Amino acid sequence: MAAQMTDAHRRFLQVLMSHGIMEGSETRKLHRQCCEIDKVYYAHDKLDDFISTINSHLQPLFMQIRKGMSEDDGRAHYALVNLAETEITKMASDYTENELELFRKTMDLIISSENGFASSTDILNLADQLKTKKMKKKEAEQVLKVFVEDRWLSERNGEYTLHTRCIIEMEQYILSNYPDVARKCNICHSLAIQSQVCESCGIVMHLPCVRKYFRAQTEPRCPQCNDFWSCDIPGMSRTDSQSPSKTGRTEKSTRRC
Ligand SMILES: [Zn+2]
Ligand SMILES: [Zn+2]
């Protein structure tokens with residue numbers, strides 16, 4: 001028997017719905033605020049229970065609050081996910097047919113890329129090859145902006161990747177529709193778009209997972225095959241971590257992966 005929904009649960013759900021996705025610390029703050037306003041039991045470590053109560057009531061509506069990780073900084077995020085629509089049909093009511101085709105093609109580029117990014121040039125080159133209805137470049141630029149505003153894509157210096165919200169919503173869709181290229185992170189076992197690959201055995205790891213996993217190791221080795229991890233560890237200078245002496249900077253070249 002599912003626990004009772006209180007006004008605090010309803011308030012929490014309404015705010016999350018209006019945001020679509022919220023960062024972990026924001027979500028924890030919201031949890032506390034909702035409990036305080038509606039004077040219901042609050043414990044800071046009971047957010048997951050609080051959410052699973054809401055989820056048990058959302059189930060008949062085929063909706064769910066899901067937790068995911070930002071591939072940029074590794075922080076937790078919570079998003080309200082529609083389970084009834086498991087494909088890009090989630091987006092169907094908001095966009096025209098050729099906009100959806102552009103999104104699908106952009107997603108193809110991102111997922112099959114080495115680093116999880118597609119350049120705006122490559123994406124805009126697709127605009128006049130759309131089967132549904134060709135788009136002018138200017139028009140496509142505008143559509144990309146909307147995808148970013150709606151948090152399906154995120155953009156950095158003219159490079160596009162999937163937004164955390166998109167990954168949380170479409171993880172299953174991507175894993176089953178891109179079986180040859182979509183892979184799961186060896187550390188957290190969720191879909192990895194921006195990732196590093198082991199040159200020896202081919203496993204992938206999210207950048208924040210790489211950072212966390214190798215933090216305490218003087219010599220980073222692959223968790224699967226134990227070979228030397230040849231990619232740069234993000235947020236860590238490889239030469240510094242290898243030679244603790246202040247002057248002993250080795251000239252070992254590091255490759256970008
Ligand atoms: Zn991971
Ligand atoms: Zn390996």
Side-chain angles (χ1 to χ4, degrees), residues 20-28 47-48 51-52 64-81 86 106-118 151-156 159-239 241-242 252-257:
I21 181 166
M22 286 177 75
E23 193 268 315
S25 63
E26 263 184 331
T27 314
R28 286 190 293 276
L47 175 60
D48 287 347
I51 287 175
S52 67
Q64 193 179 60
I65 299 171
R66 259 195 210 163
K67 191 177 176 178
M69 181 194 77
S70 153
E71 294 197 325
D72 295 316
D73 56 21
R75 290 193 297 181
H77 283 71
Y78 292 85
L80 187 66
V81 174
T86 51
T106 302
M107 196 149 97
D108 292 348
L109 281 180
I110 291 171
I111 295 172
S112 46
S113 72
E114 295 243 312
N115 58 357
F117 282 91
R151 288 168 302 180
W152 293 108
L153 296 178
S154 41
E155 187 261 349
R156 208 160 54 204
E159 302 266 319
Y160 290 82
T161 189
L162 300 184
H163 193 280
T164 308
R165 177 203 175 181
C166 181
I167 295 175
I168 296 177
E169 289 228 13
M170 297 208 189
E171 177 165 10
Q172 285 319 313
Y173 170 82
I174 292 170
L175 286 170
S176 47
N177 284 271
Y178 298 85
D180 300 329
V181 282
R183 278 175 295 184
K184 287 185 176 181
C185 169
N186 191 267
I187 301 299
C188 70
H189 308 292
S190 48
L191 173 69
I193 302 291
Q194 293 178 56
S195 56
Q196 292 188 343
V197 186
C198 173
E199 282 198 345
S200 308
C201 72
I203 61 134
V204 304
M205 280 160 77
H206 288 117
L207 306 183
C209 292
V210 164
R211 203 154 42 218
K212 234 185 278 171
Y213 184 77
F214 291 131
R215 191 178 287 155
Q217 301 188 11
T218 40
E219 198 182 61
R221 292 192 169 273
C222 171
Q224 178 83 11
C225 69
N226 207 36
D227 259 6
F228 190 71
W229 193 263
S230 56
C231 305
D232 282 342
I233 313 294
M236 195 190 279
S237 159
R238 171 62 60 87
T239 47
S241 66
Q242 275 188 328
K252 188 177 185 300
S253 66
T254 48
R255 254 168 317 116
R256 290 250 153 242
C257 293

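Only heavy atoms go into these numbers, but all of them, side chains included; no hydrogens, no water, no symmetry mates. Order of appearance sets the numbers: ligands from 1, and atoms from 1 within every ligand. What you are looking at is a predicted structure, and each value in this text was computed from that prediction instead of being measured.
No other N/O/S atom of His206 lies as close to the Zn ion (ligand 1) as ND1 does.
The Zn ion (ligand 1) lies at 2.8 Å or more from every N, O or S atom belonging to His189.
Computed with the Zn ion (ligand 1) at the centre, the Cys185 SG to Cys209 SG angle is 110°, stated to 10 degrees.
When side chains are defined from C-beta on, Tyr160 does not count as touching Ser154, because their heavy atoms never get closer than 4.5 Å. Side-chain contact between Pro223 and Ile203: present, with at least one pair of heavy atoms (C-beta onward) separated by less than 4.5 Å. Contact of the Ile51 side chain with the Lys67 side chain is not registered, since no non-hydrogen atoms from C-beta on lie closer than 4.5 Å.
Taking both residues in full, the closest heavy atoms of Met69 and Pro208 are given as CE-CG, 4.4 Å, listed atom of the first, atom of the second, then distance.
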